[in-house]
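Written out below as structure tokens is the structure these notes cover.
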2 protein chains.
Amino acid sequence: MIRLGKLTDYALVLMSQIARRPASELHTARDLAVQCHLPLPTVSKLLKTLLQSGLLASHRGVKGGYNLARDPHAISLAEIISALEGPFGLTECSTDVGGLCDLESSCAIKDNQRIISQVLRGALESVMLSDLTRPMQLTGIRDKQGNLVPMASAAGRMQ
Amino acid sequence: MIRLGKLTDYALVLMSQIARRPASELHTARDLAVQCHLPLPTVSKLLKTLLQSGLLASHRGVKGGYNLARDPHAISLAEIISALEGPFGLTECSTDVGGLCDLESSCAIKDNQRIISQVLRGALESVMLSDLTRPMQLTGIRDKQGNLVPMASAAGRMQ
DNA sequence: ATCAAATAGGACTAATTTAATACACTTTAA
DNA sequence: TTAAAGTGTATTAAATTAGTCCTATTTGAT
């Protein structure tokens, strides 16, 4: 299954939770852990990662906490996911080690990965954090021309 | 990183290799292992999985082998990938165990996963096996309306 | 009829990756 | 000055994935 790691799921929940509140409001790791039913050490680690990726801003000290670095409409799922899972399509090619993968002089695996990464990244860049905070209102995704692709149609059949 | 398992990469290479040859031609696991520079036991296992998913047809006996069950234009990457990785978005929700994830009475993680799975599946259903056999000719992907989305634009920036 | 080549299915082990935790340090408002 | 809150690093445990092996079945060729 193409699935995100648990930590990435948690990060999306955290980001959604923060995005639901006014932008100026600060959220402590402890509060978010309670609100999202997640263990505090995990939440703390995730917030740090999201901070380092520039998706959150932090304020230290007693009245500190985290808030979004940008508007929820300006943060794509691709950014959040790659903050947690690393850059798209960076699987180490097994042939880097010592082999020679010379199906027509270029590595077929890398070609495939390039194509697939582009497709996936393009799709995830079209969904914004704001689309997650009101799931019922997400009826379609926008392609790169800005055309609206209805959700039912984009989904295809359930597998 | 959102990356496919190694085995899925291998499966894509195998399927591409088969797709490059005439449809009627049979390919043994041994031949494919040599051609694709992959270990035979792994190739054998992958071909079995692809067979069970209905993407390959098999012919037993001395002159046996595998060939595609359908035309390369009629096999999407979504099918090949889900054959290896299982159905999209079927991560077991950690709250299934015993917890109660009652952020507004429905699980936020599941909602997110549903949305993301739909987006990813939609994207991968628009790329066909035939697009992998001639990588240089893939200049765009088709959205579900059939509109062509140019590759450079769909790709966005490299992360 | 027999043999050899090939697929079919399952079980098992090792390696890798991911998840979760713990601890020491820094900052800052009250 | 103190307590609350973020920062950084290291370590351990759990889960998943990758890879291999063995045995049975089918079938074309001799």
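All values reported here derive from a predicted model rather than from experimental measurement. Letters go in sequence order (proteins before strands), and every chain restarts at 1.
Taking atom CD1 on B:Ile18 and atom P on C:dT7, their separation rounds to 10 Å, with Å as the unit. Rounded to whole Å, the distance from CG on A:Leu46 to P on D:dG8 is 15 Å. For the pair B:Leu50 CG and C:dA8 P, the interatomic distance rounds to 12 Å; values are reported in whole Å. Rounded to whole angstrom, the span from the CG atom of B:Leu7 across to the P atom of C:dT16 amounts to 14 Å. Summarising the geometry, the separation between CG on A:Leu38 and P on C:dA20 is reported as 9 Å, rounded to the nearest angstrom. Rounded to whole Å, atom P of D:dA15 lies 17 Å from atom CG of A:Asp9. Between A:Leu84 atom CG and C:dT17 atom P the separation is 18 Å, expressed in whole Å. To the nearest angstrom, P of C:dT18 lies 15 Å from CD1 of A:Ile81.
Residues forming a salt bridge (charged side-chain N to carboxylate O under 4.0 Å, His left out) with B:Arg30 (at least two apart in sequence, or on another chain): none. The side-chain contact (heavy atoms from CB on, under 4.5 Å) test applied to B:Glu25 returns B:Arg21, B:Pro22, B:His27, not counting sequence neighbours. Partners of A:Thr28 according to the side-chain hydrogen bond (donor to acceptor under 3.5 Å, both in side chains) rule, which considers only residues two or more places apart in sequence or in another chain, are A:Asp31.
In the set C:dT21, D:dA18, C:dA20, the nucleotide with an atom closest to the side chain of A:Lys6 is C:dA20.
Between B:Leu132 and B:Leu77, the closest side-chain pair of non-hydrogen atoms falls below 4.5 Å. With contacts defined as side-chain heavy-atom distances shorter than 4.5 Å, the pair A:Leu12/A:Met15 does not qualify.
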Exercise answer: donor-acceptor pairs, residues 41-48 of chain A side-chain atoms, under 3.5 Å, sequence neighbours excluded:
none

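Between B:Asp131 and B:Ser126, the closest heavy-atom pair is OD2-O, 4.4 Å.
The backbone N or O of B:Arg114 sits nowhere less than 3.5 Å from a side-chain atom of B:Ser117 that would complete a donor-acceptor pair.
For A:Tyr10, a side-chain nitrogen or oxygen approaches OP1 or OP2 of C:dA20 to under 4.0 Å.
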Pull out every protein N or O sitting under 3.5 Å from an N or O of nucleotides 4-7 of chain D, one pair per line with the distance.
{"residue": "D:dA5", "atom": "O4'", "partner": "A:Gly61", "partner atom": "O", "Å": "3.4"}
{"residue": "D:dG6", "atom": "OP1", "partner": "A:Ala29", "partner atom": "N", "Å": "3.3"}
{"residue": "D:dT7", "atom": "OP1", "partner": "A:Ser58", "partner atom": "OG", "Å": "2.9"}
{"residue": "D:dT7", "atom": "OP2", "partner": "A:Tyr66", "partner atom": "OH", "Å": "2.8"}

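Looking at A:Lys45, its side chain comes within 3.5 Å of the base of C:dA20 through a donor and an acceptor atom.
Sequence neighbours left out, the pairs with a member in residues 56-76 of chain A that pass salt bridge (charged side-chain N to carboxylate O under 4.0 Å, His left out) are A:Arg70-A:Glu79.
When the C1' atoms of four end pairs are superposed on the next four at each end of the helix from C:dA1-D:dT30 to C:dA30-D:dT1, using five pairs per end, the two resulting axes differ in direction by 10°, to 10°.
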